[in-house]
Engineer: 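Structure incoming, see below.
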Amino acid sequence: MDKLTKYRDWIQRVLEKYSQVKPANGEIDVYKFFDHQDDHYQVFHAGCNQYRRVFGPLIHIDIIDGKIWIQYDGFAVG
């Protein structure tokens, strides 16, 4: 297995675990997005918390030039 394939597999396994964490409040769904062709990976929230619309990333990871880039980490502990 080459390095890029290992990175893709590792990122997907980690984000699968993050996508299992459900928000405590509101009617908010957790979505995961894996773009293996362009190497963009993201877990994000979408829904409503009372009368407020909720949408945004929890974590976004890219593979750029063979390196893993954590573009955004919205968790308290990275």
Side-chain angles (χ1 to χ4, degrees):
M1 185 182 294
D2 69 329
K3 184 168 103 174
L4 188 58
T5 304
K6 286 181 185 178
Y7 284 169
R8 288 174 177 151
D9 182 56
W10 179 81
I11 290 169
Q12 186 167 335
R13 282 188 284 128
V14 168
L15 294 186
E16 286 284 350
K17 291 179 184 177
Y18 278 118
S19 71
Q20 300 303 314
V21 178
K22 303 293 182 191
N25 298 326
E27 295 180 22
I28 302 170
D29 294 317
V30 180
Y31 296 93
K32 54 192 173 207
F33 174 79
F34 302 143
D35 178 2
H36 296 291
Q37 182 175 347
D38 294 320
D39 288 320
H40 303 293
Y41 307 90
Q42 183 171 327
V43 175
F44 61 95
H45 281 162
C48 293
N49 186 4
Q50 294 180 347
Y51 300 105
R52 185 173 161 253
R53 176 82 173 131
V54 174
F55 180 85
L58 294 173
I59 188 165
H60 182 105
I61 300 174
D62 291 330
I63 299 175
I64 302 171
D65 295 328
K67 296 180 182 178
I68 296 174
W69 288 74
I70 299 174
Q71 302 289 16
Y72 180 77
D73 184 357
F75 286 93
V77 179

Engineer: Show the numbers, then the answer: is there a side chain to side chain donor-acceptor pair (under 3.5 Å) between Y7 and D9?
Structural biologist: CA-CA 5 Å; Y7 284 169; D9 182 56; over 6 Å; no

Engineer: When the ring centroid of Y31 is compared with that of H45, is the distance short of 6.0 Å?
Structural biologist: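 No, the ring of Y31 stays outside the 6.0 Å limit from the ring of H45, centre to centre.
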
Engineer: Can you tell me if D62 uses its side chain to pair, donor with acceptor, with the backbone of I64 under 3.5 Å?
Structural biologist: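 No, because the side chain of D62 does not come within donor-acceptor range (under 3.5 Å) of the backbone of I64.
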
Engineer: Minimum heavy-atom separation for D38 and D35, please, with both atom names.
Structural biologist: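 For D38 versus D35, the nearest heavy atoms are N-OD1, 3.1 Å.
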
Engineer: Can you spot which of I28, D29, V54 makes a side chain to side chain contact (heavy atoms under 4.5 Å, CB included) with P23?
Structural biologist: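 Of the listed residues I28, D29, V54, the side chain to side chain contact (heavy atoms under 4.5 Å, CB included) partner of P23 is I28.
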
Engineer: Tell me whether K22 at atom NZ has more than 12 heavy atoms from other residues, nucleotides or ligands lying less than 6.0 Å away.
Structural biologist: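 Yes, because the 6.0 Å sphere around NZ of K22 holds more than 12 heavy atoms from other groups.
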
Engineer: For Q42 and K32: C-alpha separation, side-chain torsions, deciding distance, then whether side chain to side chain contact (heavy atoms under 4.5 Å, CB included) applies.
Structural biologist: CA-CA 6 Å; Q42 183 171 327; K32 54 192 173 207; over 6 Å; no

Engineer: Quick one, H40 with Q71, criterion side chain to side chain donor-acceptor pair (under 3.5 Å). Give me CA distance, side-chain angles, the key distance, then yes/no.
Structural biologist: CA-CA 10 Å; H40 303 293; Q71 302 289 16; over 6 Å; no

Engineer: In sequence, state the C-alpha distance, the side-chain angles, and the governing distance for H36 and F34, and then conclude on side chain to side chain contact (heavy atoms under 4.5 Å, CB included).
Structural biologist: CA-CA 6 Å; H36 296 291; F34 302 143; 3.9 Å; yes

Engineer: Check whether W69 and Y41 end up in the same hydrophobic cluster, where Ile, Leu, Val, Met, Phe, Trp and Tyr are linked by side-chain heavy atoms less than 4.5 Å apart.
Structural biologist: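 W69 and Y41: separate clusters.
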
Engineer: Other residues, nucleotides and ligands only: do more than 12 of their heavy atoms fall within 6.0 Å of CD1 on I68?
Structural biologist: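 Check passes, neighbour count above 12.
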
Engineer: Quick one: CD1 on I61 to CG on L15, what's the gap to the nearest 0.5 Å?
Structural biologist: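 Output value for this atom pair is 4.5 Å.
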
Engineer: Give a yes or no on whether the backbone of R52 and the side-chain of N49 come within a donor-acceptor separation of less than 3.5 Å.
Structural biologist: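 Not at all, since once roles are kept as given, no pair shorter than 3.5 Å links the two residues.
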
Engineer: Are F33 and I11 connected into the same hydrophobic cluster when the rule is that any two of I, L, V, M, F, W, Y join if their side-chain heavy atoms are below 4.5 Å apart?
Structural biologist: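 No.
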
Engineer: Step by step, would you call V21 with V30 a side chain to side chain contact (heavy atoms under 4.5 Å, CB included)?
Structural biologist: CA-CA 8 Å; V21 178; V30 180; over 6 Å; no

Engineer: Supply the atom-to-atom distance K67 NZ to K3 NZ, rounded to the nearest 0.5 angstrom.
Structural biologist: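 Nearest 0.5 Å value for the NZ-NZ distance: 8.0 Å.
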
Engineer: In a check of side chain to side chain contact (heavy atoms under 4.5 Å, CB included) between S19 and each of V43, V14, L58, which one passes?
Structural biologist: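 Answer after filtering V43, V14, L58: V43.
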
Engineer: Donor-acceptor check, side chain of R53 to backbone of G47, threshold 3.5 angstrom: yes or no?
Structural biologist: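 Looks like yes, one N/O pair under 3.5 Å.
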
Engineer: Measuring centre to centre across the rings, with the benzene-like ring taken for any Trp, is F55 within less than 6.0 Å of F44?
Structural biologist: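 Between F55 and F44, the centre distance is under 6.0 Å.
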
Engineer: Enter the distance from L4:CG to I63:CD1 here, rounded to the nearest 0.5 Å.
Structural biologist: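 Spacing of CG (L4) from CD1 (I63) equals 5.0 Å.
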
